[in-house]
Amino acid sequence: MKERMEEKRFSEMSEFELRTEIGRLNEKAKKAEQLGRTNEFAVYERRMLMAQAYLLNPEDFQPGATYSILDGDETFQISYMNGRFAWGYRNNQTSLEAVPISLLGKKIN
């Protein structure tokens with residue numbers, strides 16, 4: 001049986017519910033990692049990133065600007081925004097991709 005918060009979309013959750021869900025997902029991710037379940041761990045990590053994106057304001061991210069990416073030494077230049085996703089180019093690549101805004105760090109330019 002699903003827990004109550006899983007029935008709601010992240011967009012429908014309050015800040016408190018989002019933070020609670022992030023904590024719950026973090027605990028599940030830690031447990032999956034300890035048990036060596038890498039695929040399950042990756043799913044929880046992605047869901048945490050999505051929930052964290054709903055705690056941020058998309059208007060704080062500007063198309064044309066370049067940001068650091070939190071999970072490494074990469075950069076991401078935003079082409080356009082679509083909801084909680086920034087569409088653009090990682091490390092000046094030529095293939096367009098989308099990343100949740102929670103993955104973006106400091107603005108570089």
Side-chain angles (χ1 to χ4, degrees):
M1 183 178 226
K2 288 186 175 183
E3 292 182 24
R4 186 170 91 37
M5 279 193 264
E6 286 182 334
E7 295 171 9
K8 277 186 168 181
R9 294 173 180 244
F10 291 142
S11 61
E12 299 170 337
M13 291 184 183
S14 67
E15 181 179 338
F16 175 78
E17 289 171 317
L18 285 166
R19 291 188 188 284
T20 301
E21 181 68 1
I22 290 166
R24 190 184 70 77
L25 290 166
N26 189 37
E27 288 301 315
K28 285 188 168 206
K30 285 179 185 177
K31 185 174 182 180
E33 186 176 37
Q34 289 170 351
L35 296 173
R37 298 178 181 164
T38 56
N39 290 342
E40 190 177 330
F41 173 78
V43 168
Y44 292 131
E45 285 278 295
R46 290 283 176 200
R47 286 192 49 82
M48 276 193 299
L49 278 173
M50 283 307 305
Q52 289 166 346
Y54 280 89
L55 293 172
L56 300 173
N57 183 355
E59 293 177 12
D60 291 342
F61 300 88
Q62 290 87 35
T66 301
Y67 295 83
S68 63
I69 293 184
L70 296 177
D71 65 354
D73 292 330
E74 298 179 310
T75 60
F76 191 84
Q77 183 178 20
I78 299 175
S79 220
Y80 66 95
M81 297 293 297
N82 186 357
R84 301 288 196 240
F85 281 89
W87 285 81
Y89 302 93
R90 190 183 297 246
N91 293 332
N92 298 315
Q93 299 279 324
T94 57
S95 57
L96 185 68
E97 69 174 289
V99 298
I101 57 176
S102 55
L103 198 56
L104 300 178
K106 289 184 177 183
K107 185 175 176 182
I108 296 172
N109 66 357

Group every Ile, Leu, Val, Met, Phe, Trp and Tyr by side-chain heavy-atom contacts under 4.5 Å, then state whether [X] and [Y] land in the same group.
X	Y	value
Ile108	Leu70	no
Phe85	Phe10	yes
Ile69	Leu55	no
Phe76	Trp87	no
Leu103	Met48	no

Could you report the tightest heavy-atom contact between [X] and [Y], atom names first, then the distance?
X	Y	value
Ala53	Pro100	CB-CB, 4.3 Å
Gly64	Gln77	O-NE2, 3.4 Å
Asn57	Ile101	C-CD1, 4.3 Å
Leu104	Ala86	CD1-CB, 3.9 Å

Pairwise distance [atom1]([X]) to [atom2]([Y]) - rounded to 0.5 angstrom:
X	Y	atom1	atom2	result
Gln52	Met50	CD	CE	10.5 Å
Thr75	Lys106	OG1	NZ	15.5 Å
Leu25	Leu18	CG	CG	10.5 Å
Ile22	Leu49	CD1	CG	9.5 Å
Thr38	Glu33	OG1	CD	10.0 Å
Arg47	Glu21	CZ	CD	6.0 Å

Over 12 non-hydrogen atoms of neighbours within 6.0 angstrom of CD in Glu59:
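Check fails, neighbour count at 12 or below.
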Are more than 12 heavy atoms, taken from residues, nucleotides or ligands other than Asp60, located less than 6.0 Å from that residue's CG atom?
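Enclosed: over 12 neighbouring heavy atoms sit under 6.0 Å from CG of Asp60.
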Any chance you could lay out the side-chain contact (heavy atoms from CB on, under 4.5 Å) test for Glu17 and Glu12, step after step, and finish with the verdict?
CA-CA 9 Å; Glu17 289 171 317; Glu12 299 170 337; over 6 Å; no
Assess whether side-chain contact (heavy atoms from CB on, under 4.5 Å) is satisfied between Lys107 and Gln62, documenting all intermediate values.
CA-CA 9 Å; Lys107 185 175 176 182; Gln62 290 87 35; 3.2 Å; yes
Would you list the pairs meeting ring pair (Phe, Tyr, Trp, His ring centres under 6.0 Å) in which at least one residue belongs to residues 33-73, sequence neighbours left out?
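Sorted pair list: Phe61-Tyr67.
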Salt bridge (Lys or Arg N to Asp or Glu O under 4.0 Å) pairs, two or more places apart, involving residues 86-105:
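Checked against salt bridge (Lys or Arg N to Asp or Glu O under 4.0 Å) - neighbours excluded - the pairs reaching residues 86-105 are Glu74-Arg90, Arg90-Glu97.
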Determine, step by step, whether Lys30 and Glu27 satisfy the side-chain contact (heavy atoms from CB on, under 4.5 Å) criterion, reporting the C-alpha distance in whole Å, the side-chain angles of both residues, the deciding distance to 0.1 Å, and the verdict.
CA-CA 5 Å; Lys30 285 179 185 177; Glu27 288 301 315; 4.1 Å; yes
